[in-house]
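In this text the structure is predicted, and so the values were computed from the model without any measurement. Residues: numbered from 1 along the sequence shown.
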Amino acid sequence: NLLFREARKPLHRGRGWGGSLILLLLVYLLAIRPYLQSRPSFTVKDTLPDGGGKKATVIILGGQSNASGCSLDEYLQKNVSAEQYAEYQSGYDNVYINYLSGQHASGEFVKCATLQGEIEGGFGPELGLAEKLSGAYPDRTFFIIKFAWGGTNLFDQWLSPSSKGKTGDLYKQFTAYVETSIRYLISKNYGVCIEGMCWMQGESDTTDFKADRYYENQTRFAAYLREDLAKYSEEGGIYFIDAGISNSPYCEPAYPKINDAKEAFANDSSLNMYFSTIAAGLTVHLEPEGEPDWGHYDSLSVLKLGHMFG
């Protein structure tokens, strides 16, 4: 945990790029990789009532830290009204989530609310997603399955079985987590239908040699995921809704390549969708005050990210 908190400090300050990258590598080798490789089978605590055959609309949320949730709740509380924050705290009665945000996991389906992020006091785009879905479809029941891990890449960690190279450890864990969550919903007598996958990832692929493979890796990732989960989806298939990454110093030098690859992938199918977080004006430079975290969206921006997914 100490290594993780230290590694989250802005890369442009203090240590310089070299020390920061070495430290991030140590975090992965000493903490994240062994955890992923040795993680046992997943279980879901039985807390939901019987669904009575009711349709359950499932949304999958995946990616790295801007998906897992590293934006700070304390700033969210300052930036919205007391009434709005109270709603975020209590959660949404028709939107549930089972989340694994790094090593912070719910272990059960709970109402989607704030403080469900990877870091202590953090939240992710699931909050804005839940707000948008609940407001637009108050009579429907939604289940978000969130599996996201900060600092992870598509180059090898999320690599699907159909890609060149060894299947990524994270991909294996991700699909096992989704399958376990869906089987639980089916056991509770819900009519499960996966509508879409929301993907917020790419910051860790912004070296040129990784970025050059991003389009191919994403294409194979989505294709294999759709094939793997086809039995839980509508006949038309699963939507893949993809957010671009920021142009912050953290995402240099190859963020244009990553976003171009994402946009090209979106043009391949009507089931693929892409939106630019840069064009939408999402910011990374305002929080924490005086020492901004350039790698992660500010509180209102990650809320807007969730709205855009919704």
Side-chain angles (χ1 to χ4, degrees), residues 10-12 17 21 24 60-68 70-71 124-125 128-129 148-165 167-168 170-171 174 196-227 237-285 293-298 301-302 304-310:
L11 298 183
H12 70 294
W17 285 95
L21 292 174
L24 287 170
I60 304 169
L61 173 60
Q64 56 180 110
S65 57
N66 279 309
S68 65
C70 291
S71 301
L129 173 59
W149 207 298
T152 54
N153 66 67
L154 185 60
F155 185 76
D156 56 16
Q157 292 165 292
W158 286 93
L159 200 64
S160 72
S162 59
S163 301
K164 297 176 182 177
T167 302
L170 201 61
Y171 183 87
F174 163 66
M197 166 84 185
C198 297
W199 182 243
M200 179 68 251
Q201 194 278 332
E203 296 93 339
S204 289
D205 291 85
T206 51
T207 54
D208 282 318
F209 75 94
K210 290 181 180 178
D212 288 341
R213 291 283 298 277
Y214 199 87
Y215 170 79
E216 178 184 358
N217 288 341
Q218 185 171 32
T219 300
R220 294 175 181 272
F221 174 85
Y224 205 91
L225 185 71
R226 284 169 171 148
E227 182 181 342
I238 298 172
Y239 286 97
F240 194 99
I241 307 170
D242 192 13
I245 62 174
S246 78
N247 57 357
S248 78
Y250 186 87
C251 296
E252 292 178 346
Y255 72 84
K257 283 187 180 181
I258 296 295
N259 288 338
D260 286 348
K262 287 171 174 279
E263 190 166 8
F265 170 73
N267 290 332
D268 288 343
S269 168
S270 60
L271 289 174
N272 301 341
M273 300 180 182
Y274 167 79
F275 60 86
S276 168
T277 58
I278 299 172
L282 271 59
T283 61
V284 297
H285 66 279
D293 178 356
W294 291 89
H296 302 116
Y297 292 115
D298 301 320
S301 286
V302 80
K304 184 176 180 180
L305 174 64
H307 291 160
M308 294 175 77
F309 275 132

> Under the side-chain contact (heavy atoms from CB on, under 4.5 Å) criterion, do L282 and L305 qualify, and how do the steps go?
CA-CA 8 Å; L282 271 59; L305 174 64; 3.8 Å; yes
> Would you tell me whether E203 and N153 have side-chain atoms, one donor and one acceptor, within less than 3.5 Å of each other?
no
> Taking the side chain as everything from C-beta on, heavy atoms only, tell me whether L159 gets closer than 4.5 Å to R220.
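Not touching, per the 4.5 Å side-chain cut-off.
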> Can you name the closest pair of heavy atoms from A211 and K257 and give their distance?
CB-CB, 3.8 Å
> Less than 4.5 Å apart, any side-chain heavy atom of M200 and any of I245?
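They are in contact (side-chain heavy atoms under 4.5 Å apart), so the answer is yes.
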> Please report the shortest heavy-atom distance between T152 and G63, naming the atom on each side.
OG1-O, 4.0 Å
> Where the side chain of N272 meets the backbone of Y239, is there a donor-acceptor pair that is under 3.5 Å apart?
no
> Are the side chains of I238 and L271 in contact, using a 4.5 Å heavy-atom criterion?
no
> Minimum heavy-atom separation for D205 to I258, with atom names?
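Result for this residue pair: O-CD1, 3.5 Å.
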> Where do T167 and P161 come nearest, in terms of heavy atoms and distance?
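Answer, listing the atom of T167 first, then P161: OG1-CA, 3.2 Å.
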> Calculate, to the nearest 0.5 Å, the distance between atoms CZ and SG belonging to F240 and C198 respectively.
9.5 Å
> Is there a donor-acceptor contact under 3.5 Å from the side chain of S248 to the main chain of G295?
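No; judged by distance alone, with no hydrogens or angles, the pair does not exist.
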> Looking at CH2 of W294 and NE2 of H285, how far apart are the two atoms once the value is rounded to the nearest 0.5 Å?
7.0 Å
> Could you check whether S301 and T283, counting side-chain N and O atoms only, form a donor-acceptor pair closer than 3.5 Å?
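S301 and T283 do have a side-chain donor-acceptor pair below 3.5 Å.
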> Answer yes or no: is there a side-chain heavy-atom contact under 4.5 Å between L225 and F174?
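Of all side-chain heavy-atom pairs linking F174 with L225, at least one is under 4.5 Å.
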> Between Y214 and F155, is the gap from one ring center to the other below 6.0 Å?
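No, the ring centres sit 6.0 Å or more apart.
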> What pair of heavy atoms forms the shortest contact from Q157 to G151, and how long is it?
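Closest pair (atom of Q157, atom of G151, distance): OE1-O, 4.1 Å.
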> Is there a side-chain contact between Y255 and S246 in this structure, where contact means two heavy atoms from C-beta onward sitting under 4.5 Å apart?
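Sidechains of S246 and Y255: no contact.
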> Tell me, do L154 and Q201 make a side-chain contact under 4.5 Å, heavy atoms counted?
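Yes. Closest side-chain heavy atoms under 4.5 Å.
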> For Q218 and F265, indicate whether the former's side chain and the latter's backbone hold a donor-acceptor pair under 3.5 Å.
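Not at all, since once roles are kept as given, no pair shorter than 3.5 Å links the two residues.
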> Is it the case that Y250 and T206 place a side-chain donor and acceptor less than 3.5 Å from each other?
no
> Where is the tightest heavy-atom contact between G150 and S68, given as atom of each residue plus distance?
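For G150 versus S68, the nearest heavy atoms are N-OG, 4.0 Å.
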> Heavy-atom count check: over 12 atoms from other residues, nucleotides or ligands less than 6.0 Å from Y171 OH?
yes
> Under the criterion side-chain contact (heavy atoms from CB on, under 4.5 Å), I'd like the reasoning laid out for T277 against M308: C-alpha separation, chi angles, the key distance, then a yes or no.
CA-CA 9 Å; T277 58; M308 294 175 77; 5.7 Å; no
> Which residues pass the ring-ring contact (aromatic ring centres under 6.0 Å, His included) test with F309, not counting sequence neighbours?
F275
> Between S65 and H296, does any side-chain donor sit less than 3.5 Å from a side-chain acceptor?
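Yes, because at least one side-chain N or O of S65 sits under 3.5 Å from a partner of the opposite role on H296.
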> Between K304 (side chain only) and A280 (backbone N and O only), is there a donor and an acceptor less than 3.5 Å apart?
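Yes; judged by distance alone, with no hydrogens or angles, the pair exists.
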> Can you tell me how far apart CZ (R213) and CG (D156) are? Round to the nearest 0.5 Å.
10.0 Å
> Just checking, is any N or O donor in the side chain of Y215 or D268 under 3.5 Å from an acceptor N or O on the other one?
yes
> Any non-hydrogen side-chain atom of D298 less than 4.5 Å from a side-chain atom of S71?
no
> May I ask you to test the D242-M273 pair for a side-chain heavy-atom distance under 4.5 Å?
no
> Do the ring centers of W199 and W158 come within less than 6.0 Å of each other?
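Yes, they do, as the ring centres are separated by less than 6.0 Å.
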